[in-house]
Asks: 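Provided herewith is a single structure, encoded as C-alpha cells, for subsequent inquiry.
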Amino acid sequence: MKTKIGIPRGLFFYQYYPLWKTFFEELGAEIAVSGHTNRRILDMGVKSCVDEACLPVKVFFGHVLDLADKVDYLFIPRLTSVSRKEYICPKFGGLPDMVRHSLYGLPPIIDTEINLRKSGKNLLNAAMDVGSRLNCDKKAVRRALEKSLRAYREFREQVKKGALPPDIIDKRFPVLKKPSDRILNILVIGHVYNLYDNYINMDMLKKLRNNSVNLITVDMIDGCIIDEKAQTLNKKMFWYFGRKAMGTALHVLDRNDIDGVIYVMSFGCGVDSFISDLVEKKIRRKSDVPFIILTIDEHSGEAGFNTRLEAFLDMVRWRYRHEADVSSHG
Ligand code: SF4
C-alpha cells in the first residue's frame with residue numbers, strides 16, 4: 001500500500017503544491033490534501049492555535065486537524081528562506097514546532113528545513129532528507145526533484161499568463177461574466193494564502209471578476225521586473241514578501257494601465273504592518289492610482305468588507321469617467 005502524505009491547504013500551499021505533489025508522487029507516495037477552508041476548519045484552527053497568531057496560521061492549524069487521522073505523514077516543512085539572502089516570516093520557521101506542541105495525536109511530521117538563503121543547493125539536501133524518511137534511494141530523489149521543479153516552473157508560467165493558482169490546482173476554468181462596464185485593471189498585492197484562499201478573503205477575487213475587473217496579482221508580475229525595481233530601494237529588503245510587494249508597487253508607478261491597487265493584509269501580521277505602509281506611501285506620493293488596504297481576520301464581517309470593496313470600485317470607475325474631478329486619496 002502506498003504511503004499517504006497529508007498536505008494542509010494553507011500558507012504556502014497555493015505557491016508550492018504543484019512542486020510538492022509531483023515530488024511525492026514521483027517517489028511513489030499518495031497525496032491527501034485537506035478540504036477547502038470553511039467555517040469548521042477555521043473554528044478548529046482558532047480553538048487550537050495561540051490567540052496571538054495571525055489568521056493564516058490559525059487556518060493552517062485547522063487544515064492540519066482536517067487531515068490528522070487520514071494520513072501516514074503530515075508534510076509541514078520548516079521554511080526558513082525560499083530565496084537568496086532573504087527570510088520569510090519567522091512563523092514559517094517555527095511552524096512544525098508550533099503544530100507539534102499545540103496539537104496532539106498527530107501522525108509523524110516531515111519537517112525538513114528548507115533554507116535557500118545562502119545557496120539553492122540546500123534544496124537538494126532538503127529533498128534527500130525527505131526521501132530518506134520515506135526510504136527512497138538517492139537517484140529516485142534526484143529524478144523526483146528535477147521533475148517537480150519542471151512542474152513548478154510550468155505552474156509559475158501559467159500564473160504569469162494570468163491564471164489563478166486555485167483555478168490551476170483545482171482544474172477550474174472560470175467563465176467570466178460578460179462585462180457590462182469597462183474592464184478595470186486592478187492589481188492585488190498580498191500573501192498567497194490571503195489572495196487565493198477564498199474563505200479567508202471572503203471570495204474577493206470572484207467578486208472582483210464579477211465586477212468586470214481584470215485581476216493582476218503580485219504573482220503575475222515578472223520576477224525580473226520585481227527584482228530590478230526592488231534594487232532601486234535605498235535599503236535592501238530582507239523579507240521575501242517585502243521585496244515582492246515593494247518591487248510590484250514601484251512597477252505600478254511605471255505603468256499607466258493600472259486603474260487601482262488593493263493591498264490585502266492579515267490583522268496582526270508583523271511583516272504586513274510595515275510593508276503595507278511603505279507600499280501605500282510609495283503609491284500615494286508618486287502616483288494618483290487609487291489604493292486601498294483591506295485587512296482581514298477571523299472576526300471580519302463580510303458585509304463591511306463588501307461595502308469597502310464596492311465603494312473602492314465605484315470610486316475607480318468614477319475617476320475613469322470624470323478623472324479630473326475625483327481625488328484618488330479622499
Ligand atoms: S507573514 Fe504575516 S500573515 Fe504571513 S505567516 Fe507571518 S505573520 Fe502571518
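Just follow the structure's listing: the first ligand is 1, and inside any ligand the first atom is 1. Predicted model, so just to flag it, every value in this text is computed and none were measured. Quick note: residue numbers are just sequence positions, from 1.
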Asks: Tell me the protein heavy atom at minimum distance from atom 4 (Fe) of ligand 1, and give that distance in Å.
Replies: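 Answer, as residue, atom name and distance: Tyr193 OH, 2.2 Å.
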
Asks: Tell me whether Cys54 has at least one N, O or S atom under 2.8 Å from atom 6 (Fe) of ligand 1.
Replies: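 No, Cys54 does not qualify, because none of its backbone or side-chain N, O or S atoms lies under 2.8 Å.
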
Asks: May I ask you to check whether Tyr87 and Tyr240 place their ring centres under 6.0 Å from each other?
Replies: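 They do not qualify: ring centres at least 6.0 Å apart.
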
Asks: Determine the sole option in Lys229, Gln231, Lys85, Met237 for which the side chain to side chain contact (heavy atoms under 4.5 Å, CB included) test with Arg243 is passed.
Replies: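 Looking at Lys229, Gln231, Lys85, Met237, the match for Arg243 under the side chain to side chain contact (heavy atoms under 4.5 Å, CB included) is Met237.
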
Asks: Considering only the protein, which heavy-atom contact is closest to atom 2 (Fe) of ligand 1, and what is its distance?
Replies: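 For atom 2 (Fe) of ligand 1, the nearest protein heavy atom is Cys269 SG, 2.2 Å.
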
Asks: Does Phe92 have its ring centroid less than 6.0 Å away from the ring centroid of Phe12?
Replies: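 They qualify: ring centres under 6.0 Å apart.
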
Asks: By number and element, which atoms of ligand 1 are closer than 4.0 Å to a non-hydrogen atom of Cys89?
Replies: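 With Cys89 as reference, the close atoms of ligand 1 come out as 1 (S), 5 (S), 6 (Fe), 7 (S).
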
Asks: Mark up the atoms of ligand 1 that fall under 4.0 Å of a heavy atom belonging to Phe92, in ascending order.
Replies: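 Those of ligand 1 that fall under 4.0 Å from Phe92 are 5 (S).
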
Asks: When the aromatic ring centroids of His36 and Tyr199 are compared, is their separation below 6.0 Å?
Replies: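 No; Tyr199 has its ring centre 6.0 Å or more from that of His36.
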
Asks: Can you confirm whether or not the ring centre of Phe75 sits under 6.0 Å from the ring centre of Trp20?
Replies: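 Judged by ring-centre distance (under 6.0 Å), Phe75 and Trp20 do meet the cut-off.
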
Asks: List every atom of ligand 1 that sits less than 4.0 Å from any heavy atom of Lys91, numbering the atoms from 1 in the order shown and giving each element.
Replies: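 Reading through ligand 1 atom by atom, the close ones are 7 (S).
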
Asks: Is the contact between Ser266 and ligand 1 made by the side chain, the backbone, both, or neither, using heavy atoms and a 4.0 Å cut-off?
Replies: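 Just the side chain.
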
Asks: Check whether any side-chain heavy atom of Leu309 sits under 4.5 Å from a side-chain heavy atom of Leu208, and report yes or no.
Replies: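 Leu309 vs Leu208: side chains touch.
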
Asks: Answer with yes or no whether Phe241 contacts ligand 1, where contact means a heavy atom under 4.0 Å from a ligand atom.
Replies: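 No, Phe241 has no heavy atom closer than 4.0 Å to ligand 1.
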
